[in-house]
Amino acid sequence: MKVLVNDQLIERDEAKIDIEDRGYQFGDGVYEVVRMYNGKFFTYEEHIDRLYASAAKIDLVIPYSKPELRAILDSLVKANNVGTGNVYLQVTRGIQSPRNHVIPETPLKAVLTASTSEVPRDMTLFEDGRKAIVEEDVRWLRCDIKSLNLLGNSMAKNKAHQAGALEAILHRDGSVTEGSATNAYMIKDGTLFTHAADNLVLAGITRQVILRVARENGIPVDESGFTLTDLAAADEVFISSTTIEVTPIIAIDDKLVGDGKRGPITKQLHTYFTAEILKQCGELALV
């Protein structure tokens with residue numbers, strides 16, 4: 001498999017990153033995961049715009065223009081013949097020696113790395129749903145930045161895994177924020193509720209598509225958020241991300257959501273979302 005290190009395509013086992021790279025030592029960098037269906041990028045521009053926005057929020061200069069980055073990523077996808085899968089890319093601030101918490105005034109040379117993986121659509125996931133747990137949100141207060149600092153997310157996700165669940169739905173003082181690796185939603189009396197896209201959540205690209213198609217199809221959307229009490233009384237609950245699309249949550253902390261099956265509005269939203277995939281990527285996206 002080929003990977004990217006800066007603008008060079010190399011074999012994965014040849015890739016090397018300096019031990020004093022600030023991404024390795026401080027988590028000082030940003031990343032994106034861009035989905036591909038049928039060998040075509042889905043919502044590419046939205047992901048790359050967010051990458052550059054995240055970088056700007058931490059004063060990190062990405063050393064490539066957006067057209068240059070697209071050309072580099074296209075070469076990676078072509079080299080690995082990606083069909084339905086993910087492209088992971090990250091940009092770190094670069095190498096600082098000796099190690100120092102203070103960011104140098106003279107910008108370092110940022111380091112781009114990227115790789116691909118084949119990840120087919122899991123239709124049983126979308127149709128049957130999965131369990132979740134509730135966990136306190138102990139992360140930092142700039143979750144709007146898609147940074148490499150994911151220890152809090154990882155700890156919550158691992159706790160869900162240990163409980164036999166797919167995801168941990170996070171809350172701050174009883175107010176639901178998002179999942180450890182997803183955005184979180186609930187349906188009550190026909191209205192879709194989710195947390196506002198502020199500093200406490202990541203403005204997911206899939207989230208943006210879901211909210212748009214919901215509004216276009218007459219589903220009321222309320223971004224004022226919801227509480228754990230609301231969550232316990234929800235008619236439907238689902239989560240979303242680049243890879244898991246619109247995934248129902250059928251039980252939370254072993255208590256069924258509704259009748260324990262995918263709800264009708266969640267099903268509708270996934271149908272609308274699939275239609276967006278077809279528009280951009282073609283019929284083979286469903287294979």
**Charged N-O contact under 4.0 Å between E32 and R50** = yes
**Asked** What are the two closest non-hydrogen atoms of N199 and L141, and how far apart are they?
**Response** ND2-O, 2.7 Å
**Asked** Charged N to carboxylate O below 4.0 Å: is that the case for D74 and R70?
**Response** yes
**Prompt:** Is it true that atom NZ of K57 has more than 12 heavy atoms of other residues, nucleotides or ligands lying nearer than 6.0 Å?
**Reply:** yes
**Prompt:** So does Y88 have more than 12 non-hydrogen atoms from other groups sitting under 6.0 Å from OH?
**Reply:** yes
**Asked** Do NZ/NE/NH1/NH2 and the carboxylate oxygens of R207 and E178 come within less than 4.0 Å?
**Response** no
**Residues which pass side chain to side chain contact (heavy atoms under 4.5 Å, CB included) with K131, listed by chain and number, not counting sequence neighbours** = A165, A251, D254
**Prompt:** Got a sec, which residues hit side-chain hydrogen bond (donor to acceptor under 3.5 Å, both in side chains) with N153, two or more places apart in sequence or on another chain?
**Reply:** none
**Prompt:** Do other residues, nucleotides or ligands put more than 12 heavy atoms under 6.0 Å from M155 CE?
**Reply:** no
**Asked** Out of curiosity, I244 CD1 to T206 OG1, how far, rounded to the nearest 0.5 Å?
**Response** 8.5 Å
**Prompt:** Using a distance-only test with no angle check, is there a side-chain donor-acceptor pair under 3.5 angstrom linking N80 and T116?
**Reply:** yes
**Request:** State the CG-OG1 distance between L269 and T274, to the nearest 0.5 angstrom.
**Result:** 10.5 Å
**Item:** Shared hydrophobic cluster, F226 / V257 (ILVMFWY, side-chain heavy atoms < 4.5 Å)
**Value:** yes
**Message:** Checking side-chain polar atoms at under 3.5 Å, does N86 have a donor or acceptor matched by the opposite partner on T243?
**Reply:** yes
**Prompt:** Any idea how F42 and F273 line up, ring-wise: parallel (<30°), tilted (30 to 60°), or perpendicular (>60°)?
**Reply:** perpendicular
**Message:** Any carboxylate oxygen within less than 4.0 angstrom of a Lys/Arg side-chain nitrogen, looking at D49 and K66?
**Reply:** yes
**Asked** Hey, what do you get for NZ (K157) to CG (L170), rounding to the nearest 0.5 Å?
**Response** 10.0 Å
**Asked** Any side-chain heavy atom of I277 within less than 4.5 Å of one from R35?
**Response** no
**Prompt:** Taking all non-hydrogen atoms of both residues, which atom of V34 and which atom of T242 are closest, and how far apart?
**Reply:** C-CG2, 4.3 Å
**Asked** Does a donor on one side chain and an acceptor on the other come within less than 3.5 Å for D122 and T124?
**Response** yes
**Message:** Are there over 12 heavy-atom neighbours, none belonging to R99, within less than 6.0 Å of that residue's CZ?
**Reply:** yes
**Request:** Under the side-chain hydrogen bond (donor to acceptor under 3.5 Å, both in side chains) rule, collect the residues that match up with K261, sequence neighbours excluded.
**Result:** none
